[in-house]
Asker: 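Attaching a single structure in structure tokens format; questions to follow.
Chain naming here is simple, since letters A, B, ... match the order of the sequence lines and numbering starts at 1 in each. Keep in mind the model is a prediction, meaning the values are calculated, not measured.
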Amino acid sequence: MNSTENMDHQLYIHNTASRKKELFEPISPPFTGMYVCGPTVYGDPHLGHARPAITFDLVYRYLLHLGYKVRYVRNITDVGHLVADLDEGEDKIAVRARLEQLEPMEIAQYYADRYFIYMDSLNVKRPSIEPRASGHIIEQILMVQKILDAGYAYEVNGSVYFDVEKYSRTYEYGKLSGRVLEDLMSNTRSLEGQDEKRNAADFALWKNAQPEHIMRWPSPWGDGFPGWHLECSAMSTKYLGDYFDIHGGGMDLLFPHHESEIAQCQAAIGHESVKYWLHNNMVTINGQKMGKSLGNFITLEEFFTGTHASLKQAYSPMTIRFFILQAHYRSTLDFSNEALQAAEKGLKKLLAGYETLGRLPLPLPLPKQGGEASPPTPLPGGEGRICDLRDACYSAMNDDFNSPMVIAALFEGVRIINSAADKTEILTEAETEMLKEIFDTFLFEILGIKNEKGGDNQGVLDGLMQLILAIRQKSRETKDWGTSDQIRDALQKLHITVKDGKEGSSWGTE
RNA sequence: GGUUUCGUGGCCGAGUGGCUAGGCAGCGGUCUGCAAAACCGUGUACAGCGGUUCGACUCCGCUCGAAACCUCCA
């Protein structure tokens, strides 16, 4: 659907900053800027990485559908995160490099590639720009300098720290996450390098690198590396401007990461840079966050191959995607085999419904009476029923991207399709077309579900199946059930399911 | 301890001040050579205790329980 007119839709999004749903009004429509915190590439992507990627893919896809010109920026963090419990504030990437005797950039490249491969398989659209922190050291140094010039940072022994206490005299550090500065001052745990800070709540903008530290860059304050909140501030404003529309990320980044981004931009630029803050909730396993540090994560590769001890079977990328979209992005989502299996079956039903729709015979005009063909009997409930379904999909998306409600509406569509196939309801040609459009738009374009069957050999496969089913039909007509069942069982082993209906047999792949 | 959020039927998961979410599983039926699929029917679920209200699962308070963040994590 082409549609600048779609922008007339009133899209409401939940802004973490105000904790309310707000009408989405881009700063300079139709252009829209969106920045999302991407992965730190020092490990294989797991289910936790899939959540924000899919969540903001949904946002991206819907904004595009509405006709906005979106520039979507998602960073790759390949430098900058300090490891607190190791000496010298060693960089995470560098730690892995030493263990595996590889160059840090080799590690970053390897895992970034892995990330792309798995996000592609989840049908996550690639962002417009995927900047790397290591490629923006100059921008980060310039930003540190601006913050120093503005008087909200201080240098100690080649490191530069943000002066939270001074910043708080004019601005409100903690407004995004609801923290109170006094608590932060007293409750922040003692860390290495603490003695250099004036206050416990201060955070590093630039860290001096010890001689053995391999990831290092020259700066006005000596050789070192950027603090971990800095890259997002530097890269988001570089590519989206000083004030842009949407900043997204996981809820676990709210504090201190996003809180500090706000402070950095305020200090360096003179105003905040983000209009709408969006945060996705966590994926949990046994009620606990699935994360690297807890060691309870399951990688996407393990899901796809079924090779993790907690998995009863393999789950396809689309099952994972559908599973995530069945929950609202701001709810926690608990992993379990039962939930995943339910998602798998539900998705299969949805896709089967779409296939049935494509095969639905058009209603035959009733026999001519007096030279006039009677029009097909309209659906019970009136012609508007399919329109209502489409409206329900839009309403759901406009209400803070409520994908579970979209899915519920699509299931209602499947019910109607199947009833039509069973001849208990009649769909007009126009209604059939509209249903097809709803599925194409919402299931495939916006929810980003990919119909995994098909491909180059689809035409050959269709022809072969037609032939096989014709032969089987002959054996059925002579009540040769042995041959009939033999064909069905053999096909089942190839994951092709034969369904015998009143109008003959049909087939589907799993 | 503080901040933020949450507690919905066997499981997952929406939503709302009075009217069916939806999926999966179960049960009954229709269809079918058998099977699968599909369709129809089927569940007085909203942590507990108070309060506001004609009426609360939905608003307010308290209690209990859970999670995220306060240290790298999506």
Asker: In the strands shown, is B/A47 matched to any nucleotide by a Watson-Crick or G-U wobble pair with both distances under 3.5 Å, and which?
Answerer: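 B/U63 is the nucleotide pairing with B/A47.
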
Asker: Compare the minimum distances between each of B/A74, B/G22, B/G33 and the side chain of A/Met282, then state the nucleotide with the smallest one.
Answerer: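 The listed nucleotide nearest to A/Met282's side chain is B/A74.
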
Asker: Looking only at N and O atoms, is any donor in the side chain of A/Arg415 or the base of B/C39 less than 3.5 Å from an acceptor on the other one?
Answerer: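 When only heavy-atom distances are counted, A/Arg415 does not reach the base of B/C39 through any donor-acceptor pair under 3.5 Å.
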
Asker: Looking only at atom C1', what distance separates B/G22 and B/U16, rounded to whole Å?
Answerer: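 About 15 Å, rounded to a whole number of Å.
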
Asker: Between the side-chain atoms of A/Asp500 and the base atoms of B/C34, is any donor-acceptor pair under 3.5 Å?
Answerer: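 Result: at least one qualifying N/O pair found.
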
Asker: Does the ring of A/Phe116 carry A/Arg126 above it, NZ/CZ under 6.0 angstrom from centre and within 45° of its axis?
Answerer: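 The answer is yes; both the distance and angle limits are met.
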
Asker: With respect to the side chain of A/Arg19, which nucleotide from B/A38, B/U4, B/C11 is positioned closest?
Answerer: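 Of the candidates, B/U4 comes closest.
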
Asker: Could you tell me whether A/Val498 contacts a base, only the sugar-phosphate backbone, or nothing, with contacts defined as non-hydrogen atoms closer than 4.0 Å?
Answerer: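 Since a base atom lies under 4.0 Å of A/Val498, the category is base.
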
Asker: Under 4.0 Å, counting only non-hydrogen atoms across every strand here, what does A/Arg488 touch: a base, just sugar-phosphate, or nothing?
Answerer: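 The answer is base, as A/Arg488 lies within the cut-off (heavy atoms under 4.0 Å) of a base atom.
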
Asker: If I pick the P atom on B/G61 and the same atom on B/C6, what distance separates them, to the nearest angstrom?
Answerer: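 Here B/C6 and B/G61 have their P atoms 13 Å from each other.
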
Asker: Please state how far atom CZ in A/Arg330 lies from atom C1' in B/A67, giving the value in whole angstrom units.
Answerer: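 Those two atoms, CZ and C1', are 16 Å apart.
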
Asker: Do we see a donor-acceptor contact under 3.5 Å between the side chains of A/Asn208 and A/Ser159?
Answerer: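 Absent: no donor and acceptor within the cut-off.
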
Asker: The side chain of A/Arg179 lies closest to which of these nucleotides: B/C34, B/A74, B/U3?
Answerer: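 It is B/U3.
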
Asker: Let me know, please, whether A/Gly249 or A/Met405 comes out on the 5' side of the other along RNA chain B by nearest nucleotide.
Answerer: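 So the residue in question is A/Met405.
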
Asker: Under 4.0 Å between any heavy atoms, over every strand shown, what does A/Lys479 touch: base, sugar-phosphate, or nothing? Just pick one.
Answerer: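 Nothing: the residue A/Lys479, judged by heavy atoms under 4.0 Å, touches no strand.
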
Asker: With A/Arg472 as reference, evaluate A/Asp480, A/Asp485, A/Thr483, A/Asp500 under the side-chain hydrogen bond (donor to acceptor under 3.5 Å, both in side chains) test and give the passing residue.
Answerer: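 Testing A/Arg472 for a side-chain hydrogen bond (donor to acceptor under 3.5 Å, both in side chains) against A/Asp480, A/Asp485, A/Thr483, A/Asp500 leaves exactly one candidate, A/Asp500.
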
Asker: Which of these nucleotides, B/A21, B/U5, B/C69, is closest to any side-chain atom of A/Ala408?
Answerer: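 Nucleotide nearest to A/Ala408's side chain: B/A21.
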
Asker: Can you tell which of B/A74, B/A21, B/C12 lies closest to the side chain of A/Ala339?
Answerer: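 So the side chain of A/Ala339 is nearest to B/C12.
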
Asker: Between B/C19 and B/A56, how far apart are the C1' atoms? Round to whole Å, please.
Answerer: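 Taking atom C1' in both B/A56 and B/C19, they lie 15 Å apart.
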
Asker: Return the nucleotide paired to B/A56: Watson-Crick means purine N1 to pyrimidine N3 with N6-O4 or O6-N4, wobble means G-U with N1-O2 and O6-N3, both under 3.5 Å.
Answerer: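 Base-paired to nothing in any strand shown.
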
Asker: Rounding to an integer number of angstrom, what distance separates B/G13 and B/A67 when you compare their P atoms?
Answerer: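 Straight-line distance between the two P atoms is 15 Å.
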
Asker: Please confirm whether the shortest side-chain N or O distance from A/Lys349 to OP1 or OP2 of B/G22 is below 4.0 Å.
Answerer: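 Negative; the distance criterion is not met.
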
Asker: On RNA chain B, check which nucleotide each of A/Arg51 and A/Glu338 is closest to and give me the residue with the more 5' one.
Answerer: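 Mapping each residue to its closest nucleotide by heavy atoms, the 5'-most match is A/Glu338.
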
Asker: What's the gap between B/U8 and B/G48 when it is taken at their P atoms, as a whole Å value?
Answerer: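 To the nearest whole Å, 11 Å.
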
Asker: Out of B/C39, B/A68, B/C72, which nucleotide sits closest to the side chain of A/Trp228?
Answerer: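 Of all the options, the side chain of A/Trp228 is nearest to B/C72.
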
Asker: So what does A/Ser484 hit on the nucleic acid, given a heavy-atom distance under 4.0 Å: a base, only sugar-phosphate, or nothing?
Answerer: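 Touches a base.
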
Asker: What's the closest nucleotide to the A/Pro256 side chain, out of B/C70, B/C34, B/A25?
Answerer: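 In terms of side-chain proximity for A/Pro256, the closest of B/C70, B/C34, B/A25 is B/C70.
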
Asker: When the P atoms of B/C57 and B/A47 are considered, how many whole Å apart are they?
Answerer: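 Roughly 9 Å separates the two P atoms.
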
Asker: State which of B/C39, B/G13, B/G15 makes the closest approach to the side chain of A/Pro404.
Answerer: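 Among B/C39, B/G13, B/G15, the one nearest the side chain of A/Pro404 is B/G13.
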
Asker: Testing A/Tyr171, A/Phe203, A/Tyr173 for ring-ring contact (aromatic ring centres under 6.0 Å, His included) with A/Phe162, which one passes?
Answerer: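 With A/Phe162 as partner, ring-ring contact (aromatic ring centres under 6.0 Å, His included) holds for just one option, A/Phe203.
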
Asker: Given B/C24, B/C70, B/C73, which nucleotide is nearest the side-chain atoms of A/Ala342?
Answerer: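 So the nucleotide nearest the side chain must be B/C24.
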
Asker: Let's test this: given Watson-Crick or G-U wobble pairing with both distances under 3.5 Å, identify the partner of B/A35.
Answerer: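 Matched B/A35 with nothing under the 3.5 Å cut-off.
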
Asker: Is the shortest side-chain heavy-atom distance between A/Ile426 and A/Glu431 below 4.5 Å?
Answerer: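 No - every pair of side-chain heavy atoms lies 4.5 Å or more apart.
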
Asker: Which value, in whole Å, describes the distance between the P atoms of nucleotides B/G10 and B/C69?
Answerer: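 Looking at atom P only, B/G10 and B/C69 are 31 Å apart.
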
Asker: Suppose we define a pair by two distances each less than 3.5 Å, Watson-Crick or G-U wobble; what does B/C69 pair with here?
Answerer: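 Here B/C69 is engaged in a pair, and the nucleotide opposite it is B/G2.
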
Asker: For B/A14, does either OP1 or OP2 sit under 4.0 Å from a side-chain N or O belonging to A/Ser331?
Answerer: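 Checking A/Ser331 against B/A14: at least one side-chain N or O falls below 4.0 Å of OP1 or OP2.
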
Asker: Determine the interatomic distance between P on B/A14 and the same-named atom on B/G50; round to the nearest Å.
Answerer: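 Result for the P pair: 30 Å, nearest Å.
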
Asker: Of the options A/Phe411, A/Tyr62, A/Tyr394, which is the one that meets A/Phe442 in a ring-ring contact (aromatic ring centres under 6.0 Å, His included)?
Answerer: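 Single pass found, and it is A/Tyr394.
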
Asker: Out of B/A74, B/A14, B/C39, which has the shortest distance to the side chain of A/Asn418?
Answerer: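 Among B/A74, B/A14, B/C39, the one nearest the side chain of A/Asn418 is B/C39.
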
Asker: A/Thr77 and A/Asn75: side-chain donor and acceptor closer than 3.5 Å?
Answerer: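 Their side chains do contain a donor-acceptor pair, which is all the 3.5 Å distance test asks for.
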
Asker: Which part of the nucleic acid does A/Asp485 contact within heavy-atom distance under 4.0 Å: base, sugar-phosphate only, or nothing?
Answerer: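 Answer is base: heavy atoms of A/Asp485 come under 4.0 Å of a base.
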
Asker: Classify A/Lys289 by what it touches in the nucleic acid, base, sugar-phosphate, or nothing, heavy-atom distance under 4.0 Å.
Answerer: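 Base, at least one base heavy atom under 4.0 Å.
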
Asker: Using a 4.0 Å heavy-atom cut-off across all strands, classify A/Leu350 as base, sugar-phosphate, or nothing.
Answerer: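 It contacts nothing in the nucleic acid.
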
Asker: What about A/Phe335 and A/Tyr315, are their ring centers closer than 6.0 Å?
Answerer: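 Centroid separation for A/Phe335 and A/Tyr315: 6.0 Å or greater.
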
Asker: Which is true for A/Leu47 with a 4.0 Å heavy-atom rule: it touches a base, it touches only sugar-phosphate, or it touches nothing?
Answerer: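 Here A/Leu47 touches no strand at all.
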
Asker: When you measure from the side-chain N and O atoms of A/Thr40 to the phosphate of B/A74, is any distance below 4.0 Å, counting only OP1 and OP2?
Answerer: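 So the side chain of A/Thr40 is within the cut-off, an N or O lying under 4.0 Å from OP1 or OP2 of B/A74.
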
Asker: Can A/Phe411 be called stacked on B/G23 when the rule is centres closer than 5.5 Å and an angle between planes below 30°?
Answerer: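 Here the ring of A/Phe411 and the base of B/G23 are not stacked, as the 5.5 Å and 30° limits are not both satisfied.
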
Asker: With heavy atoms under 4.0 Å as the rule, sort A/Gly178 into base, sugar-phosphate or nothing.
Answerer: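 Sugar-phosphate: the residue A/Gly178, judged by heavy atoms under 4.0 Å, touches backbone atoms but no base.
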
